[in-house]
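Remarks on the structure that follows.
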Amino acid sequence: MNTTKLRYIVAVDRFGSMTAAAAAIHVSQPSLTRTVAEVEKELGVILFERRARGVIATQQGRSIIDRAARILADIERLDMDAREFREYREAHLRVCISPPPLITLMNPALPQLLAHYPQLKVDVKSVSTGEAISHLRTGDSDLIIGPTRALEEKREFKIVPLKPFDAYFFTRRDHPLSKKRTVTSKHILHYPLVLPERDGSSPEITNRLFGETEIPSDHPTHIIGHFPLACEVVAATDAVATVGQAYLGNKEFLKRFNILAFTTADKLNVCCAYRQDFELSAPATALVNILAR
């Protein structure tokens, strides 16, 4: 039993004759008649009562034909839903960024993408690495831009390496460290830290500062995943936070903050990740290619 056979018996019932049904669905009348006979043989049921001027469904045939019609309607609805979903995916792009400072990678990439896809609707979220992974697994995100260390462990994800991300430390303009020409990790550790998350990106940073990948429990540390809020904390306190390379030339940012002369922090290896069992949409593929360049 297959959908072709179901289509044939529904057509015969609808048009009331083998000849009319064959013409309507563009098959030969002998082929249609033979297929109906095969279905009746498979089911062990006579579907149609043959008459001089056509056919009419038998009592048992009526039940089967009506069920076939419902199945075909469900399949058609499923096809329509699938087509609408494909169209939605081509018109929408959902990206999770983790940790939040990596949002700067989108500064040059997103304008380029939208220049090629002006009708595209983009939803970019800055979330923790755990949330990003959850969104991608459940289909609520198309891509993750995040730390390679955390994402390459997930075997269900396809990983596309990107250029390593430079993390810089910054303070408020009048911070005591802003007067030093050279800043070491010991200098930074005299002050509270503001980090985007405890896991994910932090190991690269904390390993350089503390000599280990975990933040010591006795060190004053604020975990703030929202970059604007992290900036406000830094502006109001002696805390030290991290920022991406794109802010080195941001005049508005530099009016409020000072980027420290600390250049020995490990670079963060970052990547694009997406589900291996899902084919990327054209816009998503284009974004990955732009970022990879």
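Values below: every heavy atom of this structure, side chains too, minus hydrogens, waters and symmetry copies.
With hydrogens and angles disregarded, no donor-acceptor distance shorter than 3.5 Å links the side chain of Glu49 to the backbone of Ile56. With His190 contributing its side chain and His187 its backbone, the two residues share no donor-acceptor pair below 3.5 Å. Thr221 places a side-chain N or O within 3.5 Å of a backbone atom of His219 that can act as its donor or acceptor partner. One N or O on the side chain of Thr58 and one on the backbone of Ile46 form a donor-acceptor pair closer than 3.5 Å. At distances below 3.5 Å, not a single donor-acceptor pair connects side-chain atoms of Arg53 with backbone N or O atoms of Arg51. Remark: side-chain polar atoms of Ser178 are paired, donor with acceptor, to backbone N or O of His175 under 3.5 angstrom. Looking at Ser141, its side chain never comes within 3.5 Å of a backbone N or O of His135 through a donor-acceptor pair. Not a single donor-acceptor pair under 3.5 Å links the side chain of Thr35 to the backbone N or O of Lys5. Counting only distance, with no hydrogens or angles, the side chain of Gln29 and the backbone of Met18 share no donor-acceptor pair below 3.5 Å. With Arg275 contributing its side chain and Arg137 its backbone, the two residues share a donor-acceptor pair below 3.5 Å.
Contact annotation: the side chain of Met106 approaches that of Ile145 to within less than 4.5 Å [non-hydrogen atoms, C-beta and beyond]. A 4.5 Å side-chain heavy-atom check between Thr237 and Pro192 finds every atom pair outside the cut-off. Using a 4.5 Å heavy-atom cutoff, the side chains of Leu43 and Met1 are in contact. Side-chain atoms of Val270 and Leu151, non-hydrogen and from C-beta on, never get closer than 4.5 Å to each other. By the 4.5 Å heavy-atom criterion applied to side chains, Lys158 and Gln276 are counted as neighbours. Looking at Asp13 and Arg62, their side chains come closer than 4.5 Å, going by heavy atoms from C-beta outward. Looking only at side-chain heavy atoms (C-beta outward), Pro161 and Asn269 stay at 4.5 Å or farther from each other. You'll find the side chain of Lys125 stays beyond 4.5 Å of the side chain of Glu131, heavy atoms only.
Arg14 CZ: 12 or fewer foreign heavy atoms inside a 6.0 Å radius. Within 6.0 Å of the CZ atom in Arg67, the count of heavy atoms belonging to other residues, nucleotides or ligands does not exceed 12. The local environment of CD in Gln59 is sparse, with at most 12 non-hydrogen atoms from other residues, nucleotides or ligands closer than 6.0 Å. Around atom CD of Glu84, more than 12 heavy atoms belonging to other residues, nucleotides or ligands sit under 6.0 Å away. More than 12 non-hydrogen atoms from other residues, nucleotides or ligands lie less than 6.0 angstrom from CD of Glu38. Within a 6.0 Å sphere centred on CD of Glu76, other residues, nucleotides and ligands contribute 12 heavy atoms or fewer.
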Evaluate side-chain contact (heavy atoms from CB on, under 4.5 Å) for Val27 paired with Tyr8, printing each intermediate quantity in order. CA-CA 9 Å; Val27 297; Tyr8 283 14; 3.2 Å; yes
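For Lys255, the salt bridge (Lys or Arg N to Asp or Glu O under 4.0 Å) partners are Glu252, not counting sequence neighbours. Asp123 is linked by a side chain to side chain donor-acceptor pair (under 3.5 Å) to nothing, counting only residues two or more places apart in sequence or in another chain.
Outside the 6.0 Å centre-distance limit, the rings of Phe257 and Tyr168 are not counted as a close aromatic pair. Residues Phe170 and Phe253 place their aromatic rings such that the two centres sit under 6.0 Å apart.
Here Leu260 contributes atom CG and Phe169 contributes atom CZ; the two are 8.5 Å apart, rounded to the nearest 0.5 Å. Put simply, CZ on Arg94 and CG on Asp142 are 4.0 Å apart, with the number rounded to the nearest 0.5 Å. Rounding to the nearest 0.5 Å gives a distance of 9.5 Å between OG1 of Thr4 and CG of Leu72.
Salt bridge absent: Asp74 and Arg70 never bring a charged side-chain N and a carboxylate O closer than 4.0 Å.
One hydrophobic cluster, built from ILVMFWY side chains closer than 4.5 Å, cannot hold both Val160 and Phe157; they sit in different ones. Hydrophobic cluster membership differs between Ile97 and Ile133, with clusters built from Ile, Leu, Val, Met, Phe, Trp and Tyr side chains linked at under 4.5 angstrom. Using a 4.5 Å cut-off between side-chain heavy atoms of Ile, Leu, Val, Met, Phe, Trp and Tyr, with links allowed through other members, Ile144 and Val122 fall into different hydrophobic clusters.
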Name every donor-acceptor pair, under 3.5 Å, that has one atom in a side chain of residues 285-293 and the other anywhere in the protein, sequence neighbours excluded.
| residue | atom | partner | partner atom | Å |
| --- | --- | --- | --- | --- |
| Thr285 | OG1 | Ser281 | O | 3.0 |
| Asn289 | ND2 | Thr285 | O | 3.3 |

